[in-house]
Amino acid sequence: MAAKSKSETRLYLVDGSGYLFRAYFAMARSREGLTRQSDGLPVGAVLGFSNMLNKLLTDMQDEHDPTHLAVIFDYSGKTFRNEIYPDYKGNRPDAPEDLIPQFPLVRKATRAFNVPCIETEGFEADDIIATYARNVEADGGEVVIISSDKDLMQLVSDKVSMFDPMKNKKIGREEVIEKFGLGPEHVVDIQSLAGDSSDNVPGVPGVGIKTAAQLIEEYGDLETLLSRAEEIKQNKRRENLIEFAEQARISKKLVELRTDVPLEFAVDELKMRSIDLDLLLPFLEEMEFTKLIDRVKREVGMADLDARSGPPPAPDGDIAYETVFSEPALKAWIARAHERGVIAVDTETDSLNAMRANLVGVSLSTRAGEGCYIPLGHGAEGLALDDEDTGKQIPLDKALKILKPMLEDESILKIGQNLKYDALVLSRYGINIAPFDDTMLMSYALDCGKGGHGMDELAKRHLDYETIKFSDVAGTGKKAKTFDQIAIKEAAKYAAEDADITFRLWEILKPRLAAEGKTTVYETLERPLAPVIVAMEREGVKIDKAVLARLSSDFAQRMAAAEAEAHKLAGEDFNLGSPKQISDILFGKLGLPGGKKTAKGAWSTKADVLEQLAAEGHDLPQVLLDWRGLSKLKSTYTDSLPGEINPETGRVHTSYAMASTTTGRLASTDPNLQNIPIRTEDGRKIRTAFIHEKGSVLVSADYSQIELRLVAHIADLKSMKQAFADGVDIHALTASEMFDVPVEGMDPMIRRRAKAINFGIIYGISAFGLANQLGISRSEAKDYIDAYFKKFPGIRQYMDDTIASAKAEGFVETIFGRRTYVGGINDKNPAMRGYSERQAINAPIQGAAADVIRRAMIRMPAALKKAHLNAKMLLQVHDELIFECPKDEADKTCAVVSEIMVGAPAPAVTLSVPLIVDARAGNNWDEAH
DNA sequence: GCGATCACG
DNA sequence: GACGTACGTGATCGCA
């Protein structure tokens, strides 16, 4: 490869307006001062902009080597695009009031940083950027556009690339293809078809980016496509392409960037100039950016002296992290935390169970590429760890005494990955970590549905880095070590890397929250819930071992009887727990007709198959069903729950996963307390084992029909909303509407069918599914669904709209703004697509219900405290909250809890249906529910 | 380690 | 009209 000539131009163009807006929204939501100290002038965005510009300039010293640089701004006023299409950007809200005075200030800031500042009347920044880019490209130079705006992606070529300053990520041809499905040369055509709601580019109705890419790939370009639109197979799409052809052509004029803008500066005039403190410092002082002044002085001063300035080394598993063995060394890290105001924290323990875990070490990082590990409990418990470092560890209590003030310091932001775990462990050592950010929760708010949110996965996704795996240092299987048994040298590499990676992820994810409009979701549904769950998990729930023991032996006896009976009926002994052996007996030896097959092709023996056989008069299937029911209850609940009792607290502490579902629900593990039986009589007995301390009671409060109520609201189902407002039986009302029968004296079977349909709606109904559920024919099920759509036309509309937007955008959102990406919705496999479509329909409903109860949970501790109640929130089961409270506070607790739950959507959302909560106290969970 | 099954909302 | 599903989870078991 030939060496590049140094004389070649490398022009860096910063999208100043884009930068400014991102700075504003990033600052507006942070806790930092938004106004100038002396007179209250709003300068938050200017500070953010200046910080980013400074960061960009200093980063460039190593990561980039521009020869030329300029910041480009939009001209404030009408542009030529408004003459083509008066509504262009017409739906843009006015700029926030406190941003307006900052427009001139950022231009001043740019000049203060000694960077050319360019804008041209009648054109947008993008057109100026395009003109410079094409000019430089034509002369054989290179261009890097500092922006993540997709409207600029059409410019990407082998000489022109983009760089996303928030994500620190290059955008080249590959990334453009990722975004648009095709290369940069097709971007204009794709955007012309798909339109853009934020710029109010009309495009063609019903065509999103995915469809547009598909069409352009097939037909080559927009004009060819439009001229051959008759060939399109899909009726609606063909009609739209024909009817809206002119609209697509107009869209193209709006989308296509001009490359003939008269240039105020020649490229040569954009040559890099170094920072001029005489220019910069007066401006920063005028703005009263004291911290930035210090940083700039430090950076400029250190640049020549300190070879380590500039960006940190890329993570390569080879960074020399510090292992902290002395109190002065630890105090130096605390000082660094105070200086920087932000620190990534990770704890290492000897167990994944936060309620049983002992602290083994703590790792810290205050900037990318740096990190330390403070070993505290290696080789404890008299383990003969052959490691000279073991004796050098700082004693645990001394280290915690030094760490505690920093971890609790209001002015130092602690960053964690799944910080709930660390917070719970630390809380058991008397440390309440705050304030904090959690990269896992940020990822969940931003990228739900795109994959997991564990650190290894995030490091791969955002940093393209393979972390050291826990199993690499600890081993797997029976020989797996706990962290305290790992040599400190090995442990330190793993642990310090975790803190470093966490810090890097935070730098990427935090700005994305504001840029992608997910700050509210993160700040109102995710972050504040973590401490609430920590308290719940730590509280735990009391279990009556004796009740479970009695149930276990009762179940065991009845299982033995069933087993004997089954062997007798089968004429041979076999393992009732083996689906394979059951299948051999039933469908082989006894010659019964097999119903369904499993995914792998074997005959299914699941409950509904056995029930069918039992209904046909066969005895063995019923015995197997009885045995299975008992076996499930015994092995999953009555046998194992006693082993989950924590020896220190005498209670059971579940763990709630905050970022594992695609809908916003929590998930409960170790043990799962969200699937305690209730539907059968035997099963419900298990709930009597969930009890309270003496002098207390359990209170259970659950939302009635919350998902259906949310459907009625979201899809604007008038008659259903009325029914909820009137407090009538919703399933009977549905049946009455659908089948045109009076509610009075209704056949229970009719009501049952309506109920099944109401549930089906929530799941993204299909004729097949409904037929299966009700045991009716598919065509009959289809008639029901059609009748439903006719009576509740809003539901059809909701489903169509939701699927259409999911196909176009790739995601769906709840009424609270929680987003879930739905993959496979444009898949060519109809089964896959159908599945994704049902997901798209269900997620905003299930997710909104999850959002509502999260809001209630977040407000609950303060509400109880304000009412002088001592109730403790113990459990959450999706639409139900369980509390333990003093007996004489039961009534008041029920009232307060209900009030908070009912009012949870407000003020963010005003529901057009009432929410109903049933709250009751009892001596055990069964009684309270 | 994975599929089948079944507990919950 | 294809394809094979009701949505979202976690724990346990048998079996490779």
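Remember, predicted model here, so these are calculated numbers, not experimental data. Letters A, B, ... are given to chains in the order of the sequence lines, protein chains preceding strands, and every chain is numbered from 1.
- The OH-P distance, from A:Tyr656 to B:dC8, rounds to 16 Å in whole Å.
- For the OP1/OP2 pair of B:dA7 and a distance below 4.0 Å, the side-chain nitrogens and oxygens of A:Arg679 include no atom meeting the criterion.
- Between the side chains of A:His731 and A:Asn758, at least one donor N or O sits under 3.5 Å from an acceptor N or O.
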Do any side-chain atoms of residues 809-816 of chain A form donor-acceptor pairs under 3.5 angstrom with protein atoms, and if so which ones, sequence neighbours left out?
residue  : atom : partner  : partner atom : Å
A:Glu813 : OE2  : A:Lys518 : NZ           : 3.2
A:Glu813 : OE2  : A:Arg819 : NE           : 2.7
A:Glu813 : OE2  : A:Arg819 : NH2          : 2.9
A:Thr814 : OG1  : A:Phe816 : N            : 3.1
A:Thr814 : OG1  : A:Gly817 : N            : 3.3
A:Thr814 : OG1  : A:Arg818 : N            : 3.1
A:Thr814 : OG1  : A:Asp851 : OD2          : 2.7

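- Contacts between residues 596-614 of chain A and DNA chain B, defined by a heavy-atom separation below 4.0 Å, involve A:Thr598, A:Ala599, A:Lys600, A:Ser604, A:Thr605, A:Lys606, A:Ala607, listed by number.
- When heavy atoms are screened at a 4.0 angstrom cut-off, A:Ile678 is found touching the sugar-phosphate backbone but no base atom.
- Among the atoms of the strands shown, only primed sugar atoms or phosphate atoms (P, OP1, OP2) are found under 4.0 Å from some heavy atom of A:Tyr637.
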Here DNA chain C, pairs taken as Watson-Crick or G-U under 3.5 Å and shown with ( ), [ ] when crossing and | when to another strand, reads ......|||||||||.
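- Nucleotide B:dA7 holds its C1' atom 11 Å from the NE2 atom of A:His878, rounded to whole Å.
- Summarising the geometry, the separation between CZ on A:Arg684 and P on B:dC8 is reported as 10 Å, rounded to the nearest angstrom.
- Here chain A contacts DNA chain C (any atom closer than 4.0 Å to a heavy atom, that is under 4.0 Å), and the contacts span C:dA2 to C:dC15 from 5' to 3'.
- The stretch residues 668-676 of chain A touches DNA chain B through A:Gln674, A:Asn675, A:Ile676, each having a heavy atom within less than 4.0 Å of the strand.
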If you look only at distance, which donor and acceptor atoms sit under 3.5 Å apart when one is on a side chain in residues 601-608 of chain A and the other is two or more places apart or in another chain?
residue  : atom : partner  : partner atom : Å
A:Ser604 : OG   : A:Lys606 : N            : 3.2
A:Thr605 : OG1  : A:Arg628 : NH2          : 2.7
A:Asp608 : OD2  : A:Lys596 : NZ           : 2.8

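- We find that CZ of A:Arg628 is positioned 10 Å from P of B:dA7, with the value rounded to whole Å.
- Base contact: A:Ser766 has a heavy atom under 4.0 Å from a base atom.
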